[in-house]
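Atoms within a ligand are numbered from 1 in the order they appear, just like the ligands themselves. The first residue in the sequence is number 1, and the count goes up from there. Only heavy atoms go into these numbers, but all of them, side chains included; no hydrogens, no water, no symmetry mates.
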Amino acid sequence: MQLKFISKLMPFLILFPATSFAAGHGGALNPTDAVGISFWVISVAMVAATVFFLMETQRVPDKWKTSMVVGALVTLVAAIHYFYMRDVWVATGESPTVFRYVDWLITVPLQMIEFYLILSAVTAVAFGVFWRLLIGTLVMLLGGYLGEAGQIDATVGFVIGMLGWFFILYEIFLGEASKISANDAPASVQSAFSTMKWIVTIGWAIYPIGYAIGYLGGGMDGGSLNLIYNIADVINKIAFCLVIWACATSESRA
Ligand SMILES: *C/C=C(C)/C=C/C=C(C)/C=C/C1=C(C)CCCC1(C)C
């Protein structure tokens, strides 16, 4: 009873710190700064998505609640990092690389957990699925970070990152996760799994392409790279979690 009450208040509890972060500390946003504005708009969209997912959590059947809450955590964690990243960008004009990777380090594993959760909402799933997706994520992000931060050669970092990503793709296209989805999951879960799988393929491809142009190819200014990463995050965070929401609500109607 009490828990239910608190959970109803959650979305509003989140709005308070969010609006205080939103006030910003690094000074005013220049209306001609497209990158700064994209940080701003996306941070607001992440807060809105968080409230939406938390409210909707109360509407879906119990077995879907964890997936929905994890989805809300993805957008909440991203919202907070976006407010900070905007501050760094506005105050210094530099890429907030560390914040970006801290955000990815938290939100990408949470999204990998989602693959595990939507399957385990409907059938028994070995924990190895989760571990393999997690390890792939860590390798991918570690390689990328060391390369972007200049700790290792940018090409080596890229190759390590790509290997981690391919490992994830293998698991969801051909590995155990894909087999569980194909053999044991109802149609609604299969279709969510499939859409999420394609987001991880096509939506995620935007990041290595940005990295490659920025660090390996002709080079790109920090602003453009941030804009590319920002747009990719809208697809890969908000749309990704909306797919889970759609699955949970269509399952519950069925
Ligand atoms: C919400 C944030 C997401 C979904 C971030 C995803 C990031 C990637 C898929 C990054 C991938 C990279 C490679 C595949 C190669 C090396 C460089 C990276 C880290 C940009």
Side-chain angles (χ1 to χ4, degrees), residues 38-39 41-43 45-47 49-50 53 70-86 95-117 132-173 195-217 219-220 222 224-244:
S38 75
F39 275 120
V41 171
I42 296 171
S43 43
M46 294 290 178
V47 173
T50 305
F53 291 132
V70 172
L73 291 181
V74 168
T75 51
L76 174 64
V77 169
I80 295 168
H81 284 90
Y82 263 82
F83 285 125
Y84 273 111
M85 290 199 286
R86 185 208 51 178
S95 284
T97 307
V98 173
F99 284 122
R100 173 85 67 192
Y101 273 85
V102 172
D103 171 69
W104 288 356
L105 203 56
I106 301 169
T107 55
V108 182
L110 286 173
Q111 287 177 283
M112 294 295 95
I113 293 176
E114 291 285 29
F115 277 104
Y116 176 80
L117 286 176
R132 283 191 295 277
L133 292 173
L134 184 68
I135 289 166
T137 306
L138 295 179
V139 170
M140 179 180 87
L141 295 179
L142 192 69
Y145 178 74
L146 294 176
E148 287 205 47
Q151 305 278 347
I152 58 174
D153 180 71
T155 311
V156 176
F158 184 74
V159 171
I160 297 174
M162 292 299 276
L163 289 175
W165 181 37
F166 288 147
F167 188 64
I168 295 171
L169 291 177
Y170 178 82
E171 177 68 27
I172 55 182
F173 275 87
T195 312
M196 286 158 68
K197 187 170 87 175
W198 285 106
I199 289 179
V200 169
T201 312
I202 295 167
W204 282 25
I206 303 169
Y207 303 95
I209 292 171
Y211 180 107
I213 300 172
Y215 297 97
L216 310 178
M220 176 166 39
S224 308
L225 184 61
N226 276 288
L227 204 55
I228 291 175
Y229 282 168
N230 286 1
I231 292 165
D233 275 0
V234 176
I235 302 168
N236 295 312
K237 293 189 166 67
I238 299 180
F240 185 89
C241 296
L242 274 175
V243 171
I244 294 160

If only side-chain N and O atoms count, and only distance matters, is there a donor-acceptor pair under 3.5 Å linking Asn236 with Tyr229? no

Under 3.5 Å, is there a donor-acceptor pair linking the side chains of Asn230 and Tyr82?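 Tyr82 and Asn230 do have a side-chain donor-acceptor pair below 3.5 Å.
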
CG of Leu105 to CG of Leu142, rounded to nearest 0.5 Å, is 9.0 Å

When rounded to the nearest 0.5 Å, the distance separating OH of Tyr84 from CZ of Phe39 is 15.0 Å

Tell me which part of Asp103 gets within contact of ligand 1: side chain, backbone, both or neither, using heavy atoms under 4.0 Å.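 None of Asp103 does.
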
Return the closest protein heavy atom for [atom] as residue, atom name and distance.
atom: atom 17 (C) of ligand 1; result: Tyr211 CD1, 3.6 Å
atom: atom 10 (C) of ligand 1; result: Tyr207 CB, 3.6 Å
atom: atom 13 (C) of ligand 1; result: Pro208 CB, 3.9 Å

Suppose we call two aromatic rings close when their centres sit under 6.0 Å apart. Are Trp104 and Tyr101 close by that rule? yes

Can you name the atoms of ligand 1, numbered from 1 with element, that are less than 4.0 Å from a heavy atom of [X]?
X: Gly144; value: 17 (C), 19 (C)
X: Gln111; value: 1 (C), 4 (C)
X: Lys237; value: 1 (C), 2 (C), 3 (C)
X: Thr107; value: 1 (C)
X: Trp104; value: 2 (C), 5 (C)
X: Gly161; value: 14 (C), 15 (C), 16 (C)
X: Asp233; value: 1 (C), 2 (C)

So for Tyr101, does at least one of its heavy atoms come nearer than 4.0 angstrom to any atom of ligand 1?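 Heavy atoms of Tyr101 do come under 4.0 Å of ligand 1.
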
Do you know the tightest heavy-atom contact between [X] and [Y]?
X: Ile42; Y: Ile231; answer: CD1-N, 4.4 Å
X: Gly144; Y: Tyr211; answer: O-CE1, 3.7 Å
X: Gln111; Y: Lys237; answer: NE2-CA, 4.0 Å

